Number of protein chains: 2
Amino acid sequence: MTDSEPVLAELEPTTGERLLAGAAEMFREKGYAATSTRALAARLGIQNASLYHHIGGKEDLLYRLCMVTLDDVAERFAQVLDVQRDPSEALGLLATGYLDQALRDRDRHATMLSELRSLSTDRRAEVVGRRDENVARVQETVIAAQAAGQLREEIDPKYLTLALFNLLNWSIFWFSPDGDLDRDELGRILSSVYFDGIRDRAQDETNTPEGGARCA
Amino acid sequence: MTDSEPVLAELEPTTGERLLAGAAEMFREKGYAATSTRALAARLGIQNASLYHHIGGKEDLLYRLCMVTLDDVAERFAQVLDVQRDPSEALGLLATGYLDQALRDRDRHATMLSELRSLSTDRRAEVVGRRDENVARVQETVIAAQAAGQLREEIDPKYLTLALFNLLNWSIFWFSPDGDLDRDELGRILSSVYFDGIRDRAQDETNTPEGGARCA
DNA sequence: GTCTATACACAGATAGAC
DNA sequence: GTCTATCTGTGTATAGAC
């Protein structure tokens, strides 16, 4: 056993891991097609040819990136849904959990969302299938919350789900950790807009028996 | 005067116009970097070299595409804002107008939104500046609506505005005119979610004096 | 306004030494 | 696991005839 194979702790990322992280960063900045394998290799301090010891081809990087990213989301969703909860509470946790993870790993998530089209047909279908599984978990929760009388039923759950991903996904492209808003605050704002809308209902406070609690 | 220069009607698009439309379509499908000038020329039925009679370089296409798209939005916004209106009504019209236009011209809008990074620094700054002007029109309207007591004031207008563009922009990437939802229906759904949220408030109908009208 | 021919840079990928 | 050297295809763009 040598110290290049730590057993209990990964003290340093392997070249394979650094490669994937570097690819995510460059793919996000310049796009997949505009990122050359030479530039990617240079970023790791190795030669272009050395990359091919770790990957079969450039496309492998994009494919792996997409898959691990979607797996992470699936795992996060499972953690929320493994516990018996009120459906609308579960929906809120799915939303904030997804956003939290996506904003922590913006490079990978943005790449997954915008560079899918560069994958081969087969791999793209596989990735889209896995993404749709995650979306399905959310949609099932929306449906449960509608059945529980918690969400408006006159809108097709499919579109309530799409509206949520609209709200969350586009944030990944403009959010900056250096901005005046942190991940949690953005999650609270978007959840609040999603569930309650932006209309001011303050005037109802004086009219409803409970002091407007249901409308707030 | 020859019939190749119609005065009152453009019977056929010029090669320059076909070029811009073809570029938008291909940039959207494959991305700017992955679209070769040869493929673009082939799409118009001409040789690669012939393109350079119409443009100075490939990047010109992306730049022009972005600018005309943002100009169209600016014009649409101006039409809404030139009329004196209730601020929240104006906001609704800005939202549905923007979405309508973006979904009619998905190729150009999607390209503008996702391929900005491929522009040179100077041109990118110019495009971003023009985009920000459009966003500013919306944010001003949000602020006016807050001041009029129509929108929740505890959320920074900046984020109310971003939430709206989240909701609208991501739709451009998944909307299909062949789907079971048309542009207007999507506009109504997203506006409804944006203004009123997805929470069911039906139970208040039996409690509020006005029959729940304010909460519906 | 479109063509043929071509220049030249750079892409992804491989062979084989160390 | 990384290197040097290299193959081959394709990219954007230009020159100059028609």
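Model, not experiment: these values are computed from the prediction.
The pair B:R108-B:D72 meets the salt-bridge criterion, with a side-chain N (NZ, NE, NH1 or NH2) lying under 4.0 Å from an Asp/Glu carboxylate O. Between A:E25 and A:R43, at least one side-chain N (NZ, or NE/NH1/NH2) sits under 4.0 Å from a carboxylate O, which counts as a salt bridge.
A close approach under 4.0 Å does not occur between any side-chain nitrogen or oxygen of A:T14 and OP1 or OP2 of D:dG1. Within the structure, a side-chain polar atom (N or O) of A:T37 is placed less than 4.0 Å from OP1 or OP2 of C:dG12. Neither OP1 nor OP2 of D:dT14 sits under 4.0 Å from any side-chain N or O of B:Y52.
Distance, B:L62 CG to D:dT12 C1': 15 Å, rounded to whole Å. A:H53 has its NE2 atom 19 Å from the P atom of C:dC18, to the nearest Å. Spacing between atom CG of A:L19 and atom P of D:dG1 amounts to 13 Å, rounded to whole angstrom units. Atom CG of A:L51 is separated from atom C1' of C:dA11 by 13 Å (rounded to the nearest Å). Taking atom CG of residue A:L40 and atom C1' of nucleotide D:dT2, one finds them 16 Å apart after rounding to whole Å. Between the C1' atom of D:dT12 and the CG atom of B:L61 lies a distance of 12 Å, rounded to the nearest Å. The distance between atom NZ of B:K58 and atom C1' of D:dA13, rounded to the nearest whole Å, is 12 Å.
The shortest non-hydrogen separation linking A:Q150 to A:P87 is OE1-CB, 3.5 Å.
Of the two residues near DNA chain D, A:R38 and B:I55, the one whose nearest nucleotide lies more 5' is A:R38.
Cation-pi geometry between A:K58 and A:Y63 is not met at under 6.0 angstrom from the ring centre and within 45 degrees of the axis. Geometrically, B:R137 does not engage B:F77 in a cation-pi contact defined by less than 6.0 Å to the ring centre and at most 45° from the axis.
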Check nucleotides 3-5 of chain D against the protein and report each pair of N or O atoms closer than 3.5 Å, with its distance, or say if there are none.
| unit_1 | atom_1 | unit_2 | atom_2 | d |
| --- | --- | --- | --- | --- |
| D:dC3 | OP2 | A:Q47 | N | 2.4 |
| D:dC3 | OP2 | A:S50 | OG | 2.8 |

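Side-chain contact, A:S192 with B:R152: a donor N or O sits under 3.5 Å from an acceptor N or O.
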side-chain contact (heavy atoms from CB on, under 4.5 Å) between A:N166 and B:L190, worked out: CA-CA 10 Å; A:N166 277 3; B:L190 294 182; 4.1 Å; yes

